[in-house]
Amino acid sequence: MVTLPDGSQKQAAAGTSIFDFVKASIGPGLAKAAFFAKLDGEPVDLTRTIDRDSKLEIVTTKNEEALEVARHDAAHVMASVVQKLYPGTQVTIGPSIEDGFYYDFARETPFTPEDLEKIEAATNAAIAEDMPFERSEVSMDDAIAMFEGMGETYKVEIVKDIAARGAKTLTLYRHGDWVDFCLGPHGPSTGRIGIVKLLSVAGAYWRGDSNNAMLQRIYGTAFFDKKALEAHLHKLEEVKKRDHRRLGPALGLFAFHEFAPGAPFWLPNGVTVYNVLEDAMRRLVNKNGYLEVKTPLLFNKRLWETSGHWGKYRENMFLVVDSESDEKLSLEDRCSFSLKPMNCPSHHLIYRMQKRSYRELPLRYYTTDALHRNEASGSLGGLTRVRQFEQDDSHIYLMESQVTAEVLRIFELMKIAYGAFGLEFEATFSTRPEQRIGDDAMWDRAEGLLKQALDEMGLKYGLNPGDGAFYGPKIDMLVTDSLGRKWQTCTIQLDYAAPERFDLTYQGEDNTLHRPVVIHRAIYGSFERFMAILTEHYAGAFPTWLAPVQARVLCVSDRFNEWGHTVAQQLQGMGLRVEFDESSEKLGAKIRQAQLDKIPYALVIGDKEVQAKGVTPRRRGGEDLSLMPLEQFAAQFAAEAKPPF
RNA sequence: GCUGCUAUAGCUCAGCGGUAGAGCACCUCCUUGGUAAGGAGGAGGUCCUGGGUUCAAGUCCCAGUAGCAGCUCCA
């Protein structure tokens, strides 16, 4: 007896394949559209036989999950083609991933872009051959012998691992004369994959470990039809257009120079946005009991020895040679100073500058100083990974009993800040890792406090067991932008180690000394990364309150310049960021330029406006407002330009 | 840091062994034009840097630097 998703039940003769059952008992149309099935929830091939009462769900090519399977099919086909075209190449793994798939190959000579074209063509040709995927099971010993015979050393290694985990048999999938092992399921045949497009080659370490051999990874994607593929490629183009690395220089926000890799130059427009963000955050934290401080950028390494950075983080620190140090010493010994990579240790020093009372807690220090981290050259990229940046960084010193309430306060600030940008956020809760300090009782308490805060906030969160810092559990925030992409912005971390290392204390109500707990938190995270997110989120068209230039005055002819200048000056006098277009272009060209510069308002001035002492505003989207008196526009413009927090 | 790719005018790119090109931007002049490009003229380049091959090198080879796609890393 087979139960279908709609609850209906149908009789199936024992031993019939799912495909035959569907064709006979449900309909040939569904059988034709079917890609794989779920038998009692377990994904299986359509060739799987039904041998007991079960729930059956047919997954058709309309379903996203089918596409995932098809992409895995595509990875198999591509691997088979690569081994034909390039004998001696070993296969390793090839999963389907978001939006596509990849396959890692072991080969002396890397693949060139020309190779990729050849492989792509041959892959699509193999798809056209419409070879069925055939599933079989073999014993582990047979599997090992088979892959050893084929000289597939990586496969042998994986199979041995699987055997070591207790598996008795291995599932093989064959199409044509090519075989690989894999859990499956696969689609019915190669012909059902649709169309494959290969995108890039890159190196990837075997098993993701940089001590291992570098493999050649080919990335590709597959779609059931050409139209869907083209839509996907078009979407990639659109994302590219929003890329902050392209928009930043084009809109005069920021730029990079070879002489300072990983350190942005903030151009006038970018500084304006940066400052608006920074001012808003400063107002917000000031209203919420934070105390702003500034600390040195350059510190004696004794600070980092105290904090533990010298041991654990030195590779990422920019060390500074003390010119008065003994030249005979090693270079590292001469580097008695370092630029700070984090603010926490210097905040701890301030905490220690006087005796603290429980009455002062929670004590919240806020800093936006520049931080320097010597990130690996290959990991730099735009504003999302830089070597010099600033954070809206805070360290909060409090009693354990205050933690939950304080975390809730932080969530409230995040809600205000992210809400202003229309960014949704969710949380990931990371708990105790294997390597950790403190006893289990401490971790129980700490995790309980954070969990309580998450629950009280009603925040959606996922669990990341074992991913906490060695010194405490943490909450990571993921924000979702206008394209649905997720970005990690900040973490809220509980720290039980720093108070020990820095011997931080407070005098309690009971007149004895106690250890405070430290919370590390930032809301934007780094201003640099946040600017990147916002630039792409808004596609460079910042809302009026953030826009570097909020309005530009455009005169129909320079005969109207006098009133135009009056308008610009009056608005500027109100603190609004208004420009005057001096060019001798026609109005259409000026409008076009304002639009390309993504300025929220173009203020058109001609005869009528001069007569009426007014302006005719045009919104960035193309919407024309009607002629209105300057005072009226100024009032509504000023309201719109006011930061929301 | 690792693998691969890339580097030509401010930007986007073409050129590919024989003394440097286009579009846009920029400058000058003309045009005074009502909602996404008015016209004409002009200026602008140690073709990333350093080596090598060659009679001859943006053009081929090697190295360095930076960027890009990934991998590793990411408090």
Side-chain angles (χ1 to χ4, degrees), chain A residues 97 102 104-105 107 109-116 199-219 240 243 245-246 249-250 252 255-262 304 307-309 312-313 315-317 340-345 371 373-382 384-387 391 393 469-471 474 476 488 490-491 493 495 497-498 520 522 525-526 529 554-561 583-597 602-609 616-625 627:
Chain A
I97 52 174
Y102 68 77
D104 284 348
F105 299 97
R107 181 171 187 248
T109 30
F111 299 105
T112 65
E114 293 73 42
D115 292 335
L116 230 57
L199 299 168
S200 60
V201 232
Y205 299 109
W206 168 237
R207 303 207 145 165
D209 186 334
S210 56
N211 297 312
N212 287 345
M214 176 75 65
L215 306 172
Q216 303 299 322
R217 174 174 297 180
I218 299 181
Y219 282 92
K240 225 167 149 185
D243 192 326
R245 291 170 298 190
R246 181 181 291 238
F256 286 91
H257 191 277
E258 195 182 329
F259 290 171
W304 312 116
S307 68
H309 287 87
K312 287 211 160 120
Y313 203 69
E315 279 198 353
N316 284 295
M317 295 183 11
K340 65 178 172 189
M342 297 182 199
N343 288 309
C344 17
L371 303 176
R373 299 182 189 175
N374 198 356
E375 302 287 355
S377 57
S379 67
L380 300 177
T384 52
R385 195 77 180 275
V386 285
R387 286 187 174 146
Q391 293 178 317
D393 198 10
F470 72 93
Y471 47 74
K474 62 175 182 174
D476 294 318
Q488 196 190 318
C490 73
T491 67
Q493 305 189 348
D495 188 346
H520 303 245
S526 88
R529 179 175 289 183
L554 316 178
C555 291
V556 173
S557 141
D558 57 18
R559 288 189 287 118
F560 313 114
N561 277 5
S583 71
S584 65
E585 293 296 333
K586 302 213 302 192
L587 183 62
K590 291 181 184 178
I591 294 276
R592 176 173 187 270
Q593 196 53 52
Q595 184 79 22
L596 291 174
D597 293 340
L603 305 179
V604 176
I605 303 234
D607 223 350
K608 288 179 287 184
E609 287 75 16
T616 300
R618 178 192 193 272
R619 280 198 228 271
R620 179 167 49 195
E623 181 195 357
D624 288 317
L625 307 184
L627 169 62

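Just so it is clear: chains get the letters A, B, ... in the order the sequence lines come, proteins before strands, and each one is counted from 1. Nothing here was measured: the structure is a model prediction, and the numbers come from that model.
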Letter per nucleotide, 5' to 3', of nucleotides 2-8 of chain B [B base touched, S only sugar-phosphate touched, - untouched; heavy atoms, 4.0 Å]: BBS----
Where protein sits on nucleotides 31-40 of chain B, one letter per nucleotide: B base, S sugar-phosphate only, - none, heavy atoms under 4.0 Å: BBBBBBBB--
Please table the atom pairs, donor to acceptor, closer than 3.5 Å between any side-chain atom in residues 202-209 of chain A and protein atoms at least two apart or in another chain.
unit_1   : atom_1 : unit_2   : atom_2 : d
A/Trp206 : NE1    : A/Glu157 : OE2    : 3.4
A/Arg207 : NH1    : A/Glu157 : OE2    : 3.4
A/Arg207 : NH1    : A/Asp161 : OD2    : 2.8
A/Arg207 : NH2    : A/Asp161 : OD2    : 2.9
A/Asp209 : OD1    : A/Asn211 : N      : 2.8
A/Asp209 : OD1    : A/Asn211 : ND2    : 3.2

Just jot down the side-chain contact (heavy atoms from CB on, under 4.5 Å) partners of [X], sequence neighbours excluded, or say none.
| X | answer |
| --- | --- |
| A/Lys586 | none |
| A/Ala522 | A/Asp392, A/Cys490 |
| A/Thr616 | A/Val604, A/Glu609, A/Leu627 |
| A/Ser526 | A/Phe389, A/Gln391, A/Glu528, A/Arg529 |

Pairing residues for [X] by the salt bridge (Lys or Arg N to Asp or Glu O under 4.0 Å) criterion, not counting sequence neighbours:
| X | result |
| --- | --- |
| A/Arg620 | none |
| A/Arg387 | none |
| A/Asp607 | none |
| A/Glu114 | none |

Just the atom pairs and distances: protein N or O near nucleotides 41-44 of chain B's N or O, under 3.5 Å.
none

Check: A/Arg559 main-chain N/O paired with A/Ser557 side-chain donor or acceptor under 3.5 Å: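 It does hold such a pair.
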